J.: 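Please see the structure below; I have some questions.
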Amino acid sequence: MHSSDVASHEAALNRARSKAYRRLLPLLFVSYMIAYVDRQNVAVAKLTMTRDLPGFDNAVIGFGAGIFFLGYFLLEIPGTLMVERWSARKWICRIMITWGVMAGLTAAVTTPWQFYTVRFLLGLAEAGFFPGVVVYLTHWFPSRDRARALATFIIATPFAQIISPKISNWLLAIGHADQPPVLGMVGWQWVYVFWAVPAVVLGFCVYFWLVDRPKQAKWLTAEEGEALESELERERAETRKGKRMTVPQALKHPKVLLLALVYFCTVTGSYGIEFFMPSILKSWYAMDMNQLTWLIMLPPAVAMCGQLFMGWSSDHFKERRWHAVLPIVMGSAALGLMPHTQGNLVLTMVCLMFAFAGFKSYMPAFWALPSLFLTESAAAGSIGLINSIGNLGGFLGPYVLGTVEKVTGSFVGGLYYLCCSMLAAAGIIFSFGLGKKEPGPRN
């Protein structure tokens with residue numbers, strides 16, 4: 001290829017990369033933000049659910065919050081393979097509409113078992129969304145852009161935690177504090193209904209807006225689509241290196257199983273503290289809801305900045321291992337120190353901010369690891385397995401924290417457990433060495 005042809009190809013590739021980023025990431029970001037609110041809003045809704053519904057305590061809420069991930073586990077791998085082998089656009093549309101319906105039905109629960117059932121069904125409905133998008137991004141973004149694209153997508157979670165508390169707090173007042181019920185429903189019910197509606201609407205937006213592959217995108221020129229497809233295929237061929245791994249082989253690969261264990265340990269820590277942060281602050285400092293909802297916005301705001309920086313840094317330096325290990329260690333240390341700050345609100349909030357920054361900032365580098373040694377369906381299946389097994393930690397973390405508080409009357413023992421879980425994850429990533437700095441120039 002002549003130098004002029006190379007320059008033309010590179011220019012077309014850069015234009016395609018830029019267009020894909022602007023066209024795809026905003027909708028995926030908003031969709032994941034709503035998904036995260038719908039799975040996490042129980043953390044705020046519980047503040048009045050436990051008062052309005054007989055038999056609902058921290059143990060019930062913790063178990064119900066966590067059982068979501070058992071449903072999630074069952075359909076995660078099949079859902080991720082659907083994105084790779086069928087259509088990301090159609091499958092993500094289906095996921096969003098059904099999870100919106102299930103999220104709204106949470107407003108109708110009156111007993112713990114009804115709560116457990118609808119949370120389990122919500123997990124089934126949402127299964128495959130996050131790993132499906134991770135796989136979908138590999139269809140559009142070369143390795144040089146992947147951590148940044150992942151970071152832009154994943155910061156939807158701290159962003160959701162920034163914007164949702166105040167809105168949910170306003171909704172919680174319905175039917176309380178001299179405000180009458182609306183349409184026969186009180187505040188915690190409106191929290192579930194209000195956030196369920198956007199999921200259904202966005203599901204239809206995904207169907208009409210997303211494109212499965214670059215070659216199908218009408219908003220790319222033929223030259224741009226061909227340049228992007230050829231770059232992605234070149235990387236896949238380089239990763240395969242003549243050996244094509246099947247899905248069953250990938251699911252048994254030691255590195256895949258270790259990554260699943262890492263994700264399980266980190267999710268145990270992150271979801272445990274996310275679900276119970278409002279309860280811990282309210283228990284330790286007896287503050288009103290207005291103060292509480294302002295404070296719980298601070299840790300995710302710090303986490304969002306850390307996530308964007310680590311995604312950029314990981315791509316810039318072409319390094320994944322330390323960009324995953326160091327944030328996890330920081331988050332673990334913050335959780336371990338947090339019990340010693342009880343009585344000092346400023347120090348407690350500092351620990352929470354460092355903890356959130358730790359267990360969010362590792363994710364862009366971590367989710368770039370499977371594509372370093374797997375491609376196509378093998379990568380899709382392994383990402384689904386990692387996410388499904390890892391998210392079982394989303395059951396364990398809240399359950400442990402809620403049960404420990406019920407038995408001992410304190411969150412301290414549970415916080416130490418979460419700290420140790422995350423420290424174990426950092427040790428595993430460091431020990432097997434995947435994701436070391438790649439040779440070659442920085443982009």
Side-chain angles (χ1 to χ4, degrees), residues 21 24-25 28-29 31-32 35-36 72 76-77 79-80 83-84 88 92 128-158 232 235 239 250 253 255-267 270-271 303-304 306-328 331 358-376 378-391 393-394 422 425-426 428-429 432 434-436 438:
Y21 194 90
L24 304 177
L25 266 299
L28 294 172
F29 172 91
S31 299
Y32 192 35
Y36 210 75
Y72 200 79
E76 192 76 331
I77 295 174
T80 311
V83 170
E84 176 65 35
I92 292 172
F129 176 77
F130 175 81
V133 173
V134 173
V135 171
Y136 178 67
L137 294 178
T138 67
H139 298 169
W140 281 91
F141 295 95
S143 61
R144 71 178 93 173
D145 301 321
R146 209 159 286 159
R148 184 171 69 101
L150 282 167
T152 304
F153 171 63
I154 295 170
I155 61 165
T157 64
L232 292 166
E235 290 186 350
T239 301
H253 197 290
K255 289 180 180 177
V256 171
L257 298 177
L258 283 171
L259 288 174
L261 178 59
V262 167
Y263 199 49
F264 175 85
C265 291
T266 55
V267 169
S270 63
Y271 275 102
M304 186 166 62
Q307 210 163 42
L308 284 171
F309 172 77
M310 293 302 282
W312 168 84
S313 179
S314 182
D315 277 346
H316 180 72
F317 291 103
K318 296 181 176 291
E319 199 282 333
R320 311 300 186 196
R321 183 172 66 154
W322 283 109
H323 282 82
V325 169
L326 292 179
I328 296 174
F359 59 63
K360 296 292 186 186
S361 299
Y362 85 97
M363 294 180 75
F366 174 82
W367 283 111
L369 293 175
S371 61
L372 294 179
F373 61 97
L374 296 169
T375 62
E376 299 168 337
S382 69
I383 289 169
L385 179 72
I386 292 164
N387 199 57
S388 61
I389 292 178
N391 270 303
M422 293 189 69
I428 295 168
I429 295 178
F432 68 76
L434 183 67
K436 293 179 181 178
E438 300 172 23

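Basis for what follows: all heavy atoms, side chains included, without hydrogens, waters or symmetry-related copies. These figures come from a predicted structure and were not determined experimentally.
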J.: Mind checking whether Tyr21 and Thr152 have side chains closer than 4.5 Å, heavy atoms only?
T.: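 They are in side-chain contact.
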J.: Looking only at non-hydrogen atoms, find the nearest pair between Ser31 and Phe129 and report the distance.
T.: CB-CZ, 3.8 Å
J.: In this structure, is the centre-to-centre distance between the rings of Trp367 and Phe153 below 6.0 Å?
T.: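 Centroid distance Phe153-Trp367: not below 6.0 Å, so no.
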J.: Could you tell me whether the side chain of Leu25 reaches within less than 4.5 Å of the side chain of Phe141, counting heavy atoms only?
T.: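 In contact.
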J.: Mind telling me whether Tyr263 and Phe366 have parallel, tilted or perpendicular rings, with 30° and 60° as the class edges?
T.: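 It falls in the parallel class, under 30°.
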J.: What distance separates Tyr32 OH from Ile154 CD1, expressed to the nearest 0.5 Å?
T.: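 Going from the OH atom of Tyr32 to the CD1 atom of Ile154 covers 7.0 Å.
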J.: Does the side chain of Met363 reach to within under 4.5 Å of the side chain of Leu150, using non-hydrogen atoms?
T.: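 They are not in side-chain contact.
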J.: List the atom of Ala426, the atom of Val325, and the distance in Å for their closest heavy-atom pair.
T.: O-CG2, 3.9 Å
J.: With rounding to the nearest 0.5 Å, note down the distance linking CD1 in Ile328 to NE2 in His323.
T.: 13.0 Å
J.: For Pro364 and Gln307, which heavy atoms make the closest approach, and how far apart are they?
T.: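 For Pro364 and Gln307, the tightest heavy-atom pair comes out as CG-O, 3.9 Å.
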J.: Counting distance only, does the side-chain N/O of Thr266 pair as donor-acceptor with the main-chain N or O of Val262 below 3.5 Å?
T.: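 Yes, the answer is positive, given that a donor and an acceptor are paired below the 3.5 Å cut-off.
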J.: At what distance, to the nearest 0.5 angstrom, does NZ of Lys255 lie from CG of Leu369?
T.: 10.0 Å
J.: Out of curiosity, Leu258 CG to Ile428 CD1, how far, rounded to the nearest 0.5 Å?
T.: 6.5 Å
J.: So, taking the atom named OG1 in Thr157 and the one named CZ in Phe29, what distance separates them when rounded to the nearest 0.5 Å?
T.: 9.0 Å
J.: Mind listing the closest non-hydrogen atom pair of Ala324 and Ile429 along with its distance?
T.: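 Shortest heavy-atom contact: CB-CD1, 4.0 Å.
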J.: CG/Leu24 to CG/Leu137 distance, rounded to the nearest 0.5 angstrom?
T.: 8.0 Å
J.: Which atoms form the tightest heavy-atom contact between Ser361 and Gly306, and what is the distance?
T.: OG-C, 3.2 Å
J.: Is there a donor-acceptor pair under 3.5 Å between the side chain of Ser314 and the backbone N or O of Glu319?
T.: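 Yes; at least one donor-acceptor contact below 3.5 Å.
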J.: Students often mix this up, so state it plainly: with edges at 30° and 60°, are the rings of His139 and Tyr136 parallel, tilted or perpendicular?
T.: perpendicular
J.: If you compare all heavy atoms of Leu232 against all heavy atoms of Pro142, which two are closest, and at what distance to 0.1 Å?
T.: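 Smallest interatomic distance, heavy atoms only, reads CD2-N, 3.7 Å.
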